Amino acid sequence: MEPRLLLHLTDEQREIQRVARDFAHREIAPYSRDWDRDGHFERSLVAKFGELGFLGMLIPEQYDGLGLDTATYLVALEEIATVDAAVAILMGVHNSLPTQMILRWGTEDQKQRFLRPMARGEYLGAFALSEPEAGSDAASLSTQAVRDGDDWIITGTKAWVSHGDAADVIIVMARTDTPDARHGAKGIGAFIVTPDLPGFKVGKHEDKMGMRASPTVQLSLEEMRVPGDRALGDIHRGFVYALQSLDNGRLGIAAQSIGIARAAFEHSVKYAGERRQFGAAIRDYEAIQFKLADMSTRVTASRALLHATAAAKDRGERITQFSSMSKLLASETAMWVTTQAVQIFGGYGYVTDYPVERLFRDAKVTEIYEGTSEIQRLVIARELYSTT
Ligand code: CAA
């Protein structure tokens with residue numbers, strides 16, 4: 001039904017896509033509505049994803065991962081997101097951010113202690129950059145890390161941390177410069193934090209419009225003592241590591257957005273064939289046909305850009321600009337397509353009996369998290385100036 005231009009999947013990719021789709025329909029779809037209504041995070045999915053290898057998709061086999069390419073990971077993520085985008089957050093954040101940061105900048109000891117169990121799905125990973133007063137301007141964060149012998153003492157509040165209450169390993173960005181000698185983006189470190197550290201506390205749980213099956217929390221770090229061997233890489237380069245990792249993370253958000261948009265499109269096609277008004281199925285009317293044509297075009301364009309970007313990443317090219325473009329296009333597509341879907345369903349699109357209202361609510365945050373649409377435009381524009 002849906003055009004798949006530019007996506008020539010290998011046999012292995014098709015098989016992983018099938019595994020992801022079957023898993024999503026068996027283990028997630030029957031419960032999605034309840035999880036959304038109740039704001040329930042299904043922790044057992046972590047081990048189940050782990051068994052499939054889906055929490056180590058981009059981690060080399062030597063660290064117990066599957067060692068797959070980016071496109072294969074995104075194909076699997078889209079399948080999960082098509083069924084439940086909130087569940088896809090678990091998979092997306094873990095694969096794109098904390099595991100990649102440890103893989104890229106961690107010591108061998110950190111990889112053995114944290115990355116291996118993360119790849120197997122024994123530890124769930126999270127990422128803590130934002131703060132109540134530092135969102136788009138992430139470098140203005142104020143959580144402070146202070147040296148105490150070999151340890152670091154970290155104090156501050158991190159905000160908008162996806163599954164920060166359920167994670168076993170959280171990469172926390174904190175200032176490593178001092179209040180009397182601030183160095184902006186060059187005075188921030190990244191630390192491997194576990195919830196057993198003294199001073200670690202989960203704070204406010206957000207009550208969200210959408211993605212309700214994925215918890216979002218604040219973390220209150222009160223003189224949290226972090227052993228020195230938990231610092232990642234250069235203690236003043238944590239912000240650069242975080243932004244570089246967000247280049248990957250934004251590809252995951254794009255795949256998730258495409259999943260949401262695709263689901264809204266597929267529900268709309270089906271409904272438009274069944275719903276009759278004025279003596280005919282509504283899909284026979286041009287007003288609906290044109291909507292479906294535009295929805296399909298935008299989903300296909302978003303996927304084509306995303307997969308071209310994934311291929312560039314795997315060739316080792318710098319993808320900052322294309323990653324932001326992929327996230328921008330896909331997330332605005334998700335919001336637009338779900339808006340059209342609600343319109344096609346009419347009153348039924350506005351109530352919880354049908355799935356499109358959830359898709360509409362879930363879509364909104366893709367234009368906000370891992371960098372708002374405005375920040376994506378800023379990144380794209382900056383890269384334009386630096387290359388012209
Ligand atoms: N790759 C590599 N390095 C990069 C980079 C990238 N993509 N982007 C920036 N850098 C480097 C810069 O070169 C610079 O390094 P040098 O000083 O050595 O030259 C350094 O990082 C600082 O960069 P900027 O000067 O560009 O920093 P800035 O303060 O102007 O901010 C910004 C740039 C793009 C606005 C950035 O702050 C940003 O992306 N903001 C949005 C934050 C965001 O996405 N937050 C989401 C948090 S995660 C989340 O949503 C929740 C969750 O659970 C997943």
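In each ligand, atom 1 is the first atom listed, and ligand 1 is the first ligand listed. All values below come from the heavy atoms of this structure, side chains included, with hydrogens, waters and symmetry mates left out. Nothing here was measured: the structure is a model prediction, and the numbers come from that model.
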Check your understanding: Can you list every side chain to side chain donor-acceptor pair (under 3.5 Å) pair that touches residues 347-360, not counting sequence neighbours?
Key -> E357-R361
Check your understanding: Hey, is S162 touching ligand 1 through its side chain, its backbone, both or neither, going by heavy atoms under 4.0 Å?
Key -> both
Review point. Between F41 and H163, how do the two ring planes meet: parallel, tilted or perpendicular, split at 30° and 60°?
Key: parallel
Review point. Nearest protein heavy-atom contact for atom 2 (C) of ligand 1: which residue, which atom, what distance?
Key: Q244 CG, 3.2 Å
Point to revise | Short N or O distance, D247 and ligand 1, threshold 3.5 Å exclusive | key: yes
Check your understanding: Against heavy atoms of W160, which atoms of ligand 1 measure under 4.0 Å?
Key -> 51 (C), 52 (C), 53 (O)
Review point. Are side-chain N/O atoms of S326 and T309 paired as donor and acceptor at under 3.5 Å?
Key: yes
Review point. Do L328 and M325 have side-chain heavy atoms sitting under 4.5 Å apart?
Key: no
Practice item. Scan side-chain atoms only and decide if S257 and S331 contain a donor-acceptor pair under the 3.5 Å cut-off. Key: no
Review point. Any idea which atoms of ligand 1 are less than 4.0 Å away from a heavy-atom of F239?
Key: 22 (C), 27 (O), 37 (O)
Point to revise | Is_contact(atom 14 (C) of ligand 1), protein non-hydrogen, under 4.0 Å | key: no
Check your understanding: Who's the nearest protein heavy-atom neighbour of atom 42 (C) of ligand 1, and how far?
Key -> G135 O, 3.9 Å
Review point. Within 45° of the six-membered ring axis of W336 and under 6.0 Å from that ring's centre, is NZ or CZ of R298 located there?
Key: yes
Point to revise | Closest non-hydrogen atom pair, A293 against T297 | key: O-OG1, 2.7 Å
Study note, to complete from the structure: So for R237 against ligand 1, with non-hydrogen atoms under 4.0 Å, the contacting part is side chain
Check your understanding: Heavy atoms of the protein only: does one fall short of 4.0 Å from atom 19 (O) of ligand 1?
Key -> no
Point to revise | Close side-chain approach of Y73 to L251, heavy-atom, < 4.5 Å | key: no
Check your understanding: Which residue supplies the protein heavy atom nearest to atom 21 (O) of ligand 1, what is that atom called, and how far is it?
Key -> V240 CG2, 3.4 Å
Exercise for review: Please check if a non-hydrogen protein atom sits closer than 4.0 Å to atom 46 (C) of ligand 1.
Suggested key: yes
Review point. Of all the non-hydrogen atoms in the protein, which one sits nearest to atom 37 (O) of ligand 1, and at what distance?
Key: S136 O, 3.3 Å
Practice item. Could you go through the ring-ring contact (aromatic ring centres under 6.0 Å, His included) check for W160 and Y369 one step at a time? Key: CA-CA 9 Å; W160 312 113; Y369 64 12; over 10 Å; no
Exercise for review: Find all atoms of ligand 1 within a distance of less than 4.0 Å from any non-hydrogen atom belonging to A139, and give their numbers and elements.
Suggested key: 29 (O)
**Study point:** Per-atom contacts, ligand 1 versus S130 - under 4.0 Å to a heavy atom
**Key:** 47 (C)
Review point. Do Q340 and F265 have side chains that get closer than 4.5 Å, going by heavy atoms?
Key: no
Practice item. Starting from atom 22 (C) of ligand 1, locate the nearest protein heavy atom and write down its residue, its atom name and how far away it is, to 0.1 Å. Key: A185 CB, 3.7 Å
**Study point:** Distance-only polar pair, side chains of S142 and E131, donor-acceptor under 3.5 Å
**Key:** yes
Practice item. Could you tell me whether atom 54 (C) of ligand 1 has at least one protein heavy atom nearer than 4.0 Å? Key: yes
Point to revise | Enumerated ligand 1 atoms positioned under 4.0 Å from heavy atoms of V379 | key: 34 (C)
Practice item. Record the part of L243 in heavy-atom contact with ligand 1 below 4.0 Å; permitted values are side chain, backbone, both and neither. Key: both
Review point. Got I188 and H236 here, is their nearest side-chain heavy-atom distance under 4.5 Å?
Key: no
Check your understanding: With a cut-off of 4.0 Å, which atoms of ligand 1 are near a heavy atom of Y369?
Key -> 50 (O)
Check your understanding: In this structure, are over 12 heavy atoms from other groups packed under 6.0 Å from K48 atom NZ?
Key -> yes
Review point. Can you check whether L97 has an N/O within less than 3.5 Å of an N/O in ligand 1?
Key: no
Exercise for review: Could you find the nearest protein heavy atom to atom 24 (P) of ligand 1 and give me its residue, atom name and distance?
Suggested key: R382 NH1, 3.8 Å
Check your understanding: Is there side-chain contact between I16 and Q13, with heavy atoms separated by less than 4.5 Å?
Key -> no
Practice item. Specify the protein heavy atom at minimum distance from atom 50 (O) of ligand 1: its residue, its atom name, and the distance to 0.1 Å. Key: E370 N, 2.9 Å
Check your understanding: Tell me the ring pair (Phe, Tyr, Trp, His ring centres under 6.0 Å) pairs involving residues 112-138, sequence neighbours left out?
Key -> none
Review point. When you look for heavy atoms under 4.0 Å from ligand 1, do you find them on the side chain of T216, its backbone, both, or neither?
Key: neither
Practice item. Just need the protein heavy atom nearest to atom 17 (O) of ligand 1, so name the residue and atom and give the distance. Key: K186 NZ, 2.8 Å
Review point. Is there at least one pair of N or O atoms, one from R250 and one from ligand 1, spaced under 3.5 Å apart?
Key: yes
